Visitor: 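Let me give you the structure first, and then I'll get to my questions.
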Amino acid sequence: MIYADNAATTRMSEHALQVYIESANQHWGNPSSLHLTGQTAKAAMEDARARIATLLHCDPREVYFTSGGSESDNQAIRTAVMSGLKKGKNHVVSTKFEHHAILHTLTQLEKEQGIRVTLLDVHEDGLIRPEELREAITEETALVSIMYANNEIGTIQPIHEIGKICREKKVLFHTDAVQAAGILDVDFARDDIDMLSLSAHKFHGPKGVGALLIRRGVVPYTLINGGAQERGKRAGTENVPGILAMAAALEDAVRDREAKTAHLLPLRDRLIDQLTKIPHSALNGDREHRLPGNVNLCFEGIEGESLLLLLDANGIEASSGSACTSGSLDPSHVLLAIGRPHEVAHGSLRLSLSGENTAEDVEKICEILPQVVEYLRSISPVWKDLESGKAEHRL
Amino acid sequence: MAINLTSSNPLYSPAVMDHFLHPRNVGELENASGVGEVGNAKCGDIMKIYLQIDDGIVTDVKFNTFGCGSAIAASSMATEMIKGKPLDDVLELTNKAVVEALGGLPPHKVHCSVLAEEAVKAAVKDYYDKNGIAYDPEQFKEASCDHCHVG
């Protein structure tokens, strides 16, 4: 079986798993307790916080542990919006292809607080234009939230430039770095980031744990009330083994980052080169500014869910932006945002590799996928209309 | 196809996977008595059913489908259920019967069976229209594409 869905989640590494088990055994106390058992857990957690801070170039006091990326995104948006409103700032700039944890929170705040939201275009290449960001920021802007790297099409935004613009305009900058942490050279200080979301299970850590980095001086909004944990800003007994396993996984990821990138790039590029040879297919998102393990393609005339089922039947696990895979009715908002028409967006495939994938995996995908596409096209009335000229090819 | 086509999937019943991986009656009929096409590529599903009708009996049926696994399985099952049947029986085909024959569909996939029923009926209607056979239009009312907001 070939697992090529690492943007959805990764397998926990042996190391992270080991750390998790040991910590669950040794650090089972409640870090809020006064006694030795509690304080042992607390010390281990604070050590993990300090190590994570070093890896991401921030102060340990800027690291808030959460349940993962979605919670971090929710807390970041509310932190900036609620403090902005106190200063009469009611405007947020984000992008059309953010994760729904961002977009849905913004929609909720539009209704709840009457904020105004500007969603930047991500153009055909899946990249924002810094000059458009500059133009979108007004005196009322409380927050710019732009994802570091997109979860579907893997495009990497010009984070350093975005950070500079926001700092210059004195606007808070949040980035959803769920797909970037442990994979790209994430540097909280260098890139003038004010808030950053990350999730452990995307870099071979455990599920249900993540972090939100919040620059000192920004007062975090409390999403979960009921205790003094995380400097009073996030209640709930801390997931100590999860936090320690996350720190271990992030250390491994940062240490091996360059080697993993060197391993992944040729695999990714081989997939792109071979699979775009399939007639009427196209790569989604810019090829250069792209996560080293991300391949996202559209194939005309077929639908993504049936493509995934056939790949699965052949031992290849991937995902799609097709509406039919999600239970929602529209195809991926990311693919629509880069201008793919609905009928093309339904035929999308995302292959996301990790360091565990091999050249053999890639060759198997290159062998099977063209046959699967050809088969589905052979039974597709849409493909027949395209081929007979009754409908026009879009790719 | 030279690739492996055996699989089970926890999301779908064995019958759905069987009809998806080994669809029956795939193809086209060149001089079909009636052709029905329903759905919308924008919504992600199109079914096209071809009927050969002789003396009021469906003597052959073929289909082409663009859509998810259950859409392909529902088309395949529907063609099996109407093959060799008189038109009166064919018109009694319901999406519920297709779902039952498939051993159930997940709730958000039930519309695939609705499309299969509609495609069969659209093909019969086309046959009636082509041959000037009178019918009750009420019998061929298409369900609205309410599962899809882009229609």
Side-chain angles (χ1 to χ4, degrees), chain A residues 1 299-317 320-332 336 340-348 364-365 367-388 390-391 394, chain B residues 1-12 16-28 35-50 62-76 106-109 111-112 119 145-151:
Chain A
M1 192 264 292
F299 303 102
E300 251 190 319
I302 63 171
E303 192 282 326
E305 197 241 22
S306 47
L307 177 61
L308 292 188
L309 282 173
L310 278 177
L311 287 176
D312 187 33
N314 285 279
I316 299 167
E317 298 184 326
S320 169
S322 145
C324 291
T325 61
S326 59
S328 83
L329 308 168
D330 282 327
S332 150
L336 297 179
R340 295 288 184 218
H342 276 78
E343 47 271 47
V344 173
H346 281 296
S348 78
K364 171 107 189 273
I365 295 169
E367 182 203 326
I368 298 289
L369 184 62
Q371 297 179 55
V372 170
V373 171
E374 196 187 324
Y375 168 67
L376 286 172
R377 281 176 173 174
S378 78
I379 68 170
S380 163
V382 174
W383 181 250
K384 277 177 192 152
D385 285 351
L386 290 166
E387 285 297 276
S388 68
K390 246 176 94 182
R394 312 292 287 266
Chain B
M1 190 165 44
I3 57 177
N4 166 42
L5 283 181
T6 49
S7 171
S8 64
N9 185 296
L11 208 63
Y12 295 119
V16 171
M17 287 309 285
D18 180 38
H19 276 264
F20 166 59
L21 294 171
H22 310 282
R24 281 60 147 181
N25 309 310
V26 171
E28 291 156 86
V35 181
E37 182 174 321
V38 296
N40 181 328
K42 273 188 160 185
C43 304
D45 297 296
I46 289 191
M47 284 183 199
K48 197 165 182 179
I49 286 187
Y50 300 80
K62 296 276 184 213
F63 82 91
N64 274 168
T65 290
F66 161 87
C68 55
S70 47
I72 291 168
S75 331
S76 168
H108 66 285
K109 296 293 182 187
H111 77 269
C112 295
C145 193
D146 58 3
H147 62 275
C148 174
H149 8 251
V150 290

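Below, chains carry the letters A, B, ... as their sequence lines are ordered, and counting in each starts from 1. What you see is a predicted model; the values in this text were computed from it and never measured.
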Visitor: Measure A/I379 against the heavy atoms of chain B and call it side chain, backbone, both or neither at under 4.5 Å.
Guide: both

Visitor: Show the nearest heavy-atom pair for residues B/F66 and A/P381, with the distance to one decimal.
Guide: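 Minimum heavy-atom contact is N-CD, 3.3 Å.
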
Visitor: Could you note down all residue pairs passing salt bridge (Lys or Arg N to Asp or Glu O under 4.0 Å) where residues 368-384 of chain A supplies at least one of them, sequence neighbours left out?
Guide: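 Qualifying pairs, neighbours excluded: A/K384-B/E28.
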
Visitor: Sequence neighbours left out, what passes side chain to side chain contact (heavy atoms under 4.5 Å, CB included) with A/L386? Give chain and number order.
Guide: A/E300, A/V382, A/W383, A/A391, A/H393

Visitor: Just give me the residue among B/V26, B/L11, B/T65 that pairs up with chain A most often, heavy atom to heavy atom, under 4.5 Å.
Guide: B/T65

Visitor: Give the minimum heavy-atom separation between A/Y375 and B/F20, together with the two atoms involved.
Guide: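 Heavy-atom minimum between the residues: OH-O, 4.2 Å.
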
Visitor: Under 4.5 Å heavy-atom distance to chain A, tell me which part of B/I72 shows up: side chain, backbone, both or neither.
Guide: side chain

Visitor: Ignoring hydrogens, what is the shortest heavy-atom contact between B/N64 and A/S380? Give both atom names and the distance.
Guide: CB-C, 4.4 Å

Visitor: Just how far is it from atom SG of B/C68 to atom NE2 of A/H346, taken to the nearest 0.5 Å?
Guide: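 Here the rounded value is 10.5 Å.
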
Visitor: Would a distance-only check, ignoring hydrogens and angles, find a side-chain to backbone donor-acceptor pair under 3.5 Å from A/E305 to B/G69?
Guide: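 Judged by distance alone, yes, a pair lies under 3.5 Å.
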
